[in-house]
**Student:** 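What follows is a structure written as structure tokens; I'll ask about it next.
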Amino acid sequence: MAVWLMKSEPDEFSINDLKHRQRENWDGVRNFQARNFMRQMALGDTVLFYHSSCKVPAIVGTATISKTAHPDPSCWNPESKYYDAKSTLEQPRWEQVELSFAGKLKRPITLTVLKAMPELEGFALVQKGSRLSVMPVAEPYWHTIQAKMLFES
DNA sequence: GCCAACGTTGGC
DNA sequence: GCCAACGTTGGC
């Protein structure tokens with residue numbers, strides 16, 4: 001089972017939104033590297049839910065992959081802010097996965113804390129200039145992060 | 001295929 | 001709100 005990290009701006013879609021809705025299609029990814037990672041996701045994979053572009057950037061919860069990569073319909077919708085004129089029905093270009101809520105952390109693991117952990121050196125999230133919104137979490141990093149996680153009951 | 005210009009991300 | 005870093009686009 002693989003582990004991934006996905007970023008979301010809490011103003012747009014937060015861990016609480018996912019908790020309330022239980023399932024959500026992760027649409028709007030418009031970066032090829034991020035898309036390619038989504039294509040590698042398998043059913044049941046774990047996702048670390050990360051809040052970005054906010055006061056306290058942090059890992060705030062977990063989800064599981066409940067549907068593997070399939071075309072993201074927002075790329076065909078001219079009304080959508082994610083519309084992509086280069087996407088066609090034959091070649092959608094963009095894909096989404098479906099996430100299912102797994103848990104919310106009692107205490108978010110902040111980016112500041114993550115950066116201070118020497119075991120995470122090399123992890124894309126804490127690397128300077130890294131802007132990837134979807135990234136794999138290699139086993140040793142997952143192990144380290146998992147040890148810090150405490151879930152709400 | 002190079003690379004300058006532009007747009008976006010996201011921490012601070 | 002600033003700006004560094006990065007990705008994408010498009011002219012050549």
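These figures come from a predicted structure and were not determined experimentally. Proteins come first, then strands; the chains are lettered A, B, ... in the order of their sequence lines, and each starts at number 1.
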**Student:** Tell me the interatomic distance from A/R30, atom CZ, to C/dC6, atom C1', rounded to whole angstroms.
**Tutor:**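 Result: 19 Å.
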**Student:** Rounding to an integer number of Å, can you tell me how far A/R131 CZ sits from B/dG7 P?
**Tutor:**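 In whole Å, B/dG7 P lies 14 Å from A/R131 CZ.
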**Student:** Which of these, A/L99, A/I65, A/T68, sits in a side chain to side chain contact (heavy atoms under 4.5 Å, CB included) with A/M41?
**Tutor:**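 Testing each of A/L99, A/I65, A/T68 against A/M41, the sole residue satisfying side chain to side chain contact (heavy atoms under 4.5 Å, CB included) is A/I65.
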**Student:** Which one, B/dG11, C/dG7, C/dA4, comes nearest to the side chain of A/K128?
**Tutor:**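 For the A/K128 side chain, the nearest candidate turns out to be C/dA4.
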**Student:** The side chain of A/L111 is closest to which nucleotide in this list: B/dC12, C/dT9, B/dG7?
**Tutor:**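 Per side-chain heavy atoms of A/L111, the pick is B/dC12.
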**Student:** From the options B/dG10, B/dG11, C/dG7, select the nucleotide whose nearest atom is closest to the side chain of A/S53.
**Tutor:**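 Selected nucleotide: B/dG10.
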**Student:** Of all the choices, B/dT9, C/dT9, C/dT8, which nucleotide is nearest to the side chain of A/K86 once you look at every atom?
**Tutor:**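 Closest nucleotide among those given: C/dT9.
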**Student:** Less than 6.0 angstrom separating the ring centers of A/W94 and A/Y83, yes or no?
**Tutor:**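 Centroid distance A/W94-A/Y83: not below 6.0 Å, so no.
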**Student:** A/Q33 has an atom CD; how far is it from atom P of B/dT8, in whole Å?
**Tutor:**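 Rounding to the nearest Å, CD of A/Q33 and P of B/dT8 are 19 Å apart.
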**Student:** Give the nucleotide from the list C/dT9, B/dG7, C/dT8 with an atom nearest to the side chain of A/R93.
**Tutor:**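 Looking only at side-chain atoms, A/R93 lies closest to C/dT9.
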**Student:** Calculate the interatomic distance between A/N31 atom CG and C/dG7 atom P; express it in whole Å.
**Tutor:**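 From A/N31 CG to C/dG7 P: 7 Å.
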**Student:** Can you measure A/L114 atom CG to B/dG10 atom P for me and round it to whole angstrom units?
**Tutor:**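 Atom-to-atom, A/L114 to B/dG10, this comes out as 15 Å.
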**Student:** Expressed as a whole number of angstroms, how long is the span from A/N36:CG to C/dT8:P?
**Tutor:**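 That distance rounds to 10 Å.
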**Student:** Looking for any heavy atom pair under 4.0 Å, which part of the strands does A/K115 touch: base, sugar-phosphate only, or nothing?
**Tutor:**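 Answer is sugar-phosphate: A/K115 comes under 4.0 Å of backbone atoms only.
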**Student:** Check every strand shown and say whether A/E9 touches a base, only sugar-phosphate, or nothing at a heavy-atom separation below 4.0 Å.
**Tutor:**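 Counting heavy atoms under 4.0 Å across all strands, no contact is made by A/E9.
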**Student:** Restricting to non-hydrogen atoms, name the atom on A/Y50 and the atom on A/L111 that form the minimum distance, rounded to 0.1 Å.
**Tutor:**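 A/Y50 and A/L111 have their closest heavy atoms at OH-CD2, 3.6 Å.
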**Student:** Should A/K81 be listed as having a side-chain N or O under 4.0 Å from OP1 or OP2 of B/dT8?
**Tutor:**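 It does not, given that no N or O in the side chain of A/K81 lies less than 4.0 Å from OP1 or OP2 of B/dT8.
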**Student:** Let me know the distance between CD of A/Q127 and C1' of B/dG11, rounded to the nearest Å.
**Tutor:**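 Going from A/Q127 (CD) to B/dG11 (C1'), I get 15 Å.
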**Student:** Is there a side-chain contact between A/Y50 and the phosphate of B/dT9, meaning an N or O under 4.0 Å from OP1 or OP2?
**Tutor:**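 Looking at the OP1 and OP2 atoms of B/dT9, neither is under 4.0 Å from any side-chain N or O of A/Y50.
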**Student:** Just verifying a value: how many Å separate A/W4 CH2 and A/T46 OG1, rounded to the nearest 0.5 Å?
**Tutor:**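 Taking CH2 in A/W4 and OG1 in A/T46, the distance rounds to 11.5 Å.
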**Student:** What is the separation between atom NE2 on A/H51 and atom P on B/dG11, rounded to the nearest whole Å?
**Tutor:**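 Interatomic distance, NE2 of A/H51 to P of B/dG11: 12 Å.
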**Student:** How close do A/L132 and A/A34 get, heavy atom to heavy atom, and via which atoms?
**Tutor:**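 Scanning both residues completely, I find the closest heavy atoms to be CD2-N, 3.9 Å.
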